[in-house]
Amino acid sequence: MTAAATPATSPATADERSGVRLARSRRNAELSLLLLAMAMVAAYGAMVEANVLDTITPTFWVPAAAITGVFLGIHLVIRFLAPFADPVLLPAVALLNGLGVGFLHRLDLAKAAPEDRADLATFAGTGGRQLAWTLVSVILAGGLLALMRDHRSISRYAYTLGLAGIILVMLPAVLPASISEINGAKLWVRIGSFSIQPGEFAKLALLVFFAYYLVRKREVLSLASHRFLGIDFPRGRDLGPVLVVWVISLLVLVFEKDLGTSLLYFGMFVATVYIATERVSWLLIGLVLFFGGAYLAYVLGRSVGGPFANFYLRADIWLDPFAKPYDEGYQLVQGLLALGSGGLFGAGPGAGQPLLLPEVQNDFIFAGIGEEIGLFGLSALLVIYLLIVERGLRAALAVRDSFGKLLAGGLAFTLALQVFVIVGGISKLIPLTGQTTPFLSAGGSSLMANWLLIAVLLRVSDAGRRPVTGTGGKVNRPAGGPPEQLHGAPTEVIKP
């Protein structure tokens, strides 16, 4: 009697082959979208030269080709280190980053004398520096993917990162204004020609700590003491963490003189608490605390002055920027005029007057671009940001551990809140802030921090999309990853 013939392919082998095909398919889709995005960046560069120079030079494609090479490099890193990651994140971010480099090069052309514009070096000026910062940022993102093979491993350093985040947040506030203050906001650390905005990196460190802390405290924070208007409110003794973060955010508002940074830190904590507990009451409490604190700072700035005076001035400009259109309100007025003159379709890439805008390469880059691409173009940019946020939230829903859900959800919300803060300030929805537009504005700090944010989202997305094997139902983890449970962390899944 002969033994039954064994199948030629075992279930495990079939699963592995299916996983390889799935990973290859996603990375090929990512490559196709990336090349399409870079073609759009090249087309934008050509239109800029056509309007600024009245001709298209034979080297118009060089900046787009250089940045394409940078993004193809990170694509290869993702293909090998995070093969199951979301295929849309990288192309969407690359498009924004590429358009930012293109617009900064357009500013360099406008600043040059008309007879020198055609001979302007491709990698000179602000556009060239931004391309260099893009290379550095992408290298950092690739390095983070290589070092962090499992997103849960960073929970081991949660308290260290939390302390580091607080230090980075408060550092500009305690330094002299000559080192830390630019345009009234103390957000920088400047040493000679070198400057860095530590708060950009603080948000990443603090989010890791928030996610780690809330995984352990979510059950306590979910308890309700009473119900009002159909909403369950937490117990009074459980408000401690929110009150602590609220006080810190008010200190940032008063001593660093920036509403956007304060709103960003407090908002990302409240949003993470909401994701962890699913209690709408935490959002209501957060809104009441923040707007109450901001109003109190406004009243004290009007009556007392001192450290509250700067916030009062910014709020006063926001309420009526046209009261002093050539003095304090000049920047906001010029931004509103640029958006208004752009109309629905804009003046065309390279056909606007962005140099009339103060700080157009940083705070007001959204208004400068809006004058040239119009309302439809700005709406398209916002849709790209929305797509990145949606993909981040989808990664949070797909990943199987609570820490990953809170981390990815917090990162996605933080990016959305940063865009809201800067666009809201430019459009007069909220007072002006010192925040930069992610991936568009000039500067290395914001670009590096946001690329690191995307790297973490890619890692979480890879873990969430990694298929389950057919034997034993265990998740295929990257080599060298930690066990499913770290330091006693609960592994239950938070409901989406």
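Both backbone and side-chain heavy atoms feed into the values below; hydrogens, waters and symmetry mates do not. Along the sequence shown, residues are numbered consecutively beginning with 1.
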Check: residues 159-172 side-chain donor-acceptor pairs under 3.5 Å, at least two apart:
none

Does a donor on one side chain and an acceptor on the other come within less than 3.5 Å for [X] and [Y]?
X: Ser32; Y: Asn28; answer: no
X: Thr134; Y: Asn97; answer: yes
X: Asp401; Y: His151; answer: yes
X: Thr436; Y: Ser441; answer: no
X: Ser446; Y: Gln197; answer: no

Separation between [atom1] of [X] and [atom2] of [Y], rounded to the nearest 0.5 Å:
X: Trp133; Y: Leu140; atom1: CH2; atom2: CG; result: 9.0 Å
X: Asn362; Y: Leu357; atom1: CG; atom2: CG; result: 12.0 Å
X: Thr272; Y: Lys405; atom1: OG1; atom2: NZ; result: 14.5 Å
X: Leu90; Y: Leu95; atom1: CG; atom2: CG; result: 11.0 Å
X: Thr57; Y: Asp119; atom1: OG1; atom2: CG; result: 10.0 Å
X: Thr437; Y: Ile422; atom1: OG1; atom2: CD1; result: 4.5 Å

For this session: Show your reasoning for whether side-chain contact (heavy atoms from CB on, under 4.5 Å) applies to Leu187 and Lys257.
Result: CA-CA 8 Å; Leu187 301 174; Lys257 306 173 184 178; over 6 Å; no
Problem set entry | Salt bridge Arg106-Glu372, side-chain N to carboxylate O under 4.0 Å | yes
Locate the shortest heavy-atom distance separating [X] from [Y]; write the atom from each residue and the value.
X: Ser262; Y: Leu250; answer: OG-N, 4.2 Å
X: Ala46; Y: Ile56; answer: O-CG1, 3.7 Å
X: Phe71; Y: Val138; answer: CE2-CG2, 4.1 Å
X: Phe84; Y: Pro467; answer: CE2-CD, 3.4 Å
X: Ser445; Y: Ser195; answer: OG-O, 4.5 Å
X: Leu53; Y: Arg117; answer: CD2-CB, 3.3 Å

Test item: [X] and [Y] side chains (from C-beta on) under 4.5 Å apart, heavy atoms:
X: Val242; Y: Phe266; value: yes
X: Leu259; Y: Phe311; value: yes
X: Val419; Y: Pro438; value: yes
X: Val88; Y: Leu387; value: yes
X: Asp462; Y: Pro83; value: yes
X: Phe403; Y: Val208; value: yes
X: Val360; Y: Phe103; value: yes
X: Trp246; Y: Phe269; value: no

Is a side-chain donor or acceptor of [X] paired with a backbone partner of [Y] at a separation under 3.5 angstrom?
X: Arg218; Y: Thr277; answer: no
X: Lys186; Y: Leu175; answer: yes
X: Arg314; Y: Leu432; answer: yes
X: Arg459; Y: Leu81; answer: yes
X: Asp86; Y: Ser461; answer: no
X: Arg400; Y: Ala463; answer: yes

Problem set entry | Over-ring placement of Arg216 relative to Tyr212, 6.0 Å and 45° cut-offs | yes
Exercise. Trp188 and Ile196: side-chain contact (heavy atoms from CB on, under 4.5 Å), yes or no, with the steps?
Worked result: CA-CA 6 Å; Trp188 297 85; Ile196 188 172; 5.9 Å; no
For this session: Let me see the working for Leu382 and Phe366 under side-chain contact (heavy atoms from CB on, under 4.5 Å), right down to the final yes or no.
Result: CA-CA 10 Å; Leu382 292 177; Phe366 200 79; 3.9 Å; yes
For this session: Could you tell me which residues satisfy salt bridge (Lys or Arg N to Asp or Glu O under 4.0 Å) with Arg394, sequence neighbours excluded, listed by chain and number?
Result: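 Listed in chain order: Glu390.
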Exercise. Can you pull the salt bridge (charged side-chain N to carboxylate O under 4.0 Å, His left out) pairs that have at least one residue in residues 195-208, sequence neighbours excluded?
Worked result: Glu200-Lys203
For this session: Could you walk me through whether Leu131 and His105 pass the side-chain contact (heavy atoms from CB on, under 4.5 Å) test, one step at a time?
Result: CA-CA 10 Å; Leu131 183 56; His105 180 64; over 6 Å; no
Exercise. Among Leu440, Val423, Val93, which one satisfies side-chain contact (heavy atoms from CB on, under 4.5 Å) with Tyr385?
Worked result: Leu440
For this session: Evaluate salt bridge (charged side-chain N to carboxylate O under 4.0 Å, His left out) for Glu30 paired with Arg79, printing each intermediate quantity in order.
Result: CA-CA 9 Å; Glu30 179 182 81; Arg79 183 176 285 269; over 6 Å; no
For this session: Look at atom CZ of Phe123 and say whether more than 12 heavy atoms of other residues, nucleotides or ligands are closer to it than 6.0 Å.
Result: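 Yes.
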